[in-house]
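First the structure, in the form of C-alpha cells, and then the observations on it.
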Amino acid sequence: TGVGSRLFLAGDDGTSGFELWVSDGTPLGTVLVADLAPGDLLLNFKAQLPSPHYRGPDAAALNDRFLFIAEASTGMRLWSSDGTALGTADLATTDWGFNTGIGLLGGQAYFVGNSPDTGLWRSDGTPGGTAIAVPDSATLNFGGEGPMVAAGQRLHLDGGYDPGAGTINYTLLTTDGTPAGSSGLLPEADTEYRTALGDRLVFAHRDATHGYEPWITDGMVAGTALLADVLPGLASSAPQSFIELGDALFFAADDGTHGVELWRTDGTSGGTQLFLDIATGLEGSYPRCLTELGGILYFAAYRTGEGSELW
C-alpha cells in the first residue's frame with residue numbers, strides 16, 4: 001500500500017519472520033519497520049486481496065499513516081504506522097471481526113470490532129483517537145462477508161437489522177458513523193459487488209420478484225430501488241465487476257440475448273444500457289478485470305478465434 005512517496009509491504013528477511021517493511025523505492029530505503037511479533041513468531045497480516053463480493057481492504061492510507069490488520073500477541077487488531085518502530089502500534093482494545101475490512105469516510109477509518117466491544121469502530125490513526133462509534137444493539141449489529149464501501153457521506157456494509165418486527169435479518173446497513181444515523185436499507189438482503197457512483201451506491205441484489213440485478217441507493221430507505229431489470233423476471237443478469245469511470249459506472253451482465261457483455265449506467269434506469277456487444281450472439285465475451293487508468297477503462301474479454309485479450 002502506498003502512503004505518500006513510500007510503499008508499505010509485508011516481507012520476511014529470514015531472521016525476523018514475516019513483518020512490516022517500508023520502502024522509498026531504493027535498496028537503502030527499504031527497511032524493516034519493526035519486529036512486531038518477536039522471535040520465531042510470524043506477524044499474521046490479513047493480507048488477502050480485497051474483493052467487491054467477498055471482502056474489504058485490510059490496509060489503507062490515512063493522514064500520512066499506514067493502517068493495517070494483523071495478528072500479534074495481542075490478537076487480531078487494527079495497527080497504525082508512520083514508518084518507524086516508535087510510531088507503530090495497535091490502535092484498539094477489540095479484536096478485528098468479519099471480512100468488512102477498513103472503510104474510509106471523512107478523514108476517519110472505520111472497522112468492525114468483534115470482541116470484547118462489538119460494533120463499528122472509528123479511528124484517526126492514533127490510539128487516543130480510536131474508539132467505538134456505534135455499538136451493536138438489540139436491533140442493529142455490524143459485520144458480514146461483504147466489504148464496507150463509502151458513498152457520499154455514508155458507509156455501507158453487511159449486518160443484522162430489525163426494522164421493528166422483532167427479528168434481526170441479514171441485510172445491507174448504512175451509517176454516517178453515529179447510532180442515530182445507522183440503519184438497514186432493505187428488510188432482508190444478500191447484496192454483492194458494491195461500488196460508489198458519485199454520492200450513491202450501486203450494488204447487485206435479488207428480491208422476491210427479480211433475480212440478481214443492479215440496484216442503487218442514496219443511503220436512505222426511500223432512495224433505495226432497482227436500477228434496471230436487465231434480464232426481466234426471476235432470472236438473473238448477474239451484474240458484476242462494477243467500476244466507476246467519470247460520471248458513469250461500467251459492469252458485466254447478461255440480458256439473455258447478448259450473453260455476458262459490457263454495460264454502462266449513469267445511475268438512471270433509462271441510462272442503463274448495453275455498451276458494447278463484443279462477441280455477437282448469445283456467446284458473450286465475459287468482460288472481467290475491469291480497471292481504470294488515466295480516465296480509460298481496460299478489461300479482458302473473450303471472442304471466438306481470438307481468445308481472451310486486452311481491450
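Index from 1, following the sequence.
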Just by distance, with hydrogens left out, do [X] and [Y] show a side-chain donor and acceptor under 3.5 Å apart?
X	Y	answer
Arg154	Thr174	yes
Asn169	Tyr161	no
Thr178	Asp176	yes

Heavy-atom distance under 4.5 Å between the side chains of [X] and [Y], does that happen here?
X	Y	value
Ser237	Pro214	yes
His156	Leu185	yes
Glu213	Leu227	no
Thr175	Leu120	yes
Phe251	Ser241	no
Asp24	Ser5	no
Thr1	Leu9	no
Leu36	Glu19	yes

Mind checking what makes side-chain contact (heavy atoms from CB on, under 4.5 Å) contact with [X], not counting sequence neighbours?
X	value
Thr30	Trp21, Ser23
Leu105	Tyr110, Ala150, Leu155
Thr257	Asp255

Please check if [X] and [Y] belong to a single hydrophobic cluster, counting links between Ile, Leu, Val, Met, Phe, Trp and Tyr side chain heavy atoms closer than 4.5 Å.
X	Y	value
Leu226	Leu186	yes
Ile243	Trp311	yes
Phe142	Leu172	no
Phe242	Val260	no
Phe66	Val33	yes

Heavy-atom pair of closest approach, residues [X] and [Y]:
X	Y	value
His258	Glu261	O-CG, 3.4 Å
Gly143	Leu157	N-CD1, 4.5 Å
Leu67	Ala109	CD2-CB, 3.4 Å
Leu62	Gly125	CD2-N, 4.0 Å
Ala225	Trp215	C-CE3, 3.2 Å
Gly2	Ala61	O-CB, 3.7 Å

Identify every side-chain donor-acceptor pair in residues 197-205 under 3.5 Å, counting partners at least two apart or on other chains, and give the distances.
residue : atom : partner : partner atom : Å
Arg200  : NH1  : Gly267  : O            : 3.4
Arg200  : NH2  : Gly267  : O            : 3.4

Verify, without hydrogens or angle tests, whether [X] (side chain) and [Y] (backbone) share a donor-acceptor contact under 3.5 angstrom.
X	Y	value
Ser16	Asp12	no
Ser236	Ala238	no
Arg65	Thr88	no
Asn141	Gly160	yes
Arg288	Tyr286	yes

Show which side-chain atoms of residues 289-302 pair as donor or acceptor with protein atoms under 3.5 Å away, not counting sequence neighbours.
residue : atom : partner : partner atom : Å
Thr291  : OG1  : Cys289  : O            : 3.1
Glu292  : OE2  : Gly294  : N            : 3.3
Glu292  : OE2  : Gly295  : N            : 2.6

For [X], enumerate each residue passing the side-chain hydrogen bond (donor to acceptor under 3.5 Å, both in side chains) test, keeping only those at least two apart in sequence or located in another chain.
X	answer
Asp64	none
Tyr212	Asp190
Asp162	none
Arg6	none

Evaluate whether atom [atom1] of [X] has more than 12 neighbouring non-hydrogen atoms of other residues, nucleotides or ligands under 6.0 angstrom away.
X	atom1	answer
Leu28	CG	no
Asp247	CG	no
Arg264	CZ	yes

Measure the spacing between [atom1] of [X] and [atom2] of [Y] and express it to the nearest 0.5 Å.
X	Y	atom1	atom2	result
Thr15	Asp35	OG1	CG	10.0 Å
Ser182	Leu140	OG	CG	6.0 Å
Gln153	Asp218	CD	CG	13.0 Å
Thr118	Asn114	OG1	CG	7.5 Å
Leu91	Leu78	CG	CG	5.0 Å

(request) Evaluate side chain to side chain contact (heavy atoms under 4.5 Å, CB included) for Ile102 paired with Ile69, printing each intermediate quantity in order. (result) CA-CA 9 Å; Ile102 300 169; Ile69 297 169; 4.0 Å; yes

(message) Per the salt bridge (Lys or Arg N to Asp or Glu O under 4.0 Å) rule, what does the pair list look like for residues 296-311, sequence neighbours excluded?
(response)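 Qualifying pairs, neighbours excluded: Arg303-Glu306.
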
Contacts table for residues 272-280: side-chain donor-acceptor under 3.5 angstrom, sequence neighbours left out:
residue : atom : partner : partner atom : Å
Thr272  : OG1  : Thr265  : OG1          : 2.7
Thr272  : OG1  : Thr268  : O            : 2.7
Gln273  : NE2  : Gly270  : O            : 3.3

Just list the side-chain donor-acceptor pairs under 3.5 Å for residues 126-135, sequence neighbours left out, or say none.
residue : atom : partner : partner atom : Å
Thr126  : OG1  : Asp124  : OD1          : 2.6
Thr126  : OG1  : Gly129  : N            : 3.1
Thr130  : OG1  : Ser123  : OG           : 2.7
Thr130  : OG1  : Thr126  : O            : 2.7

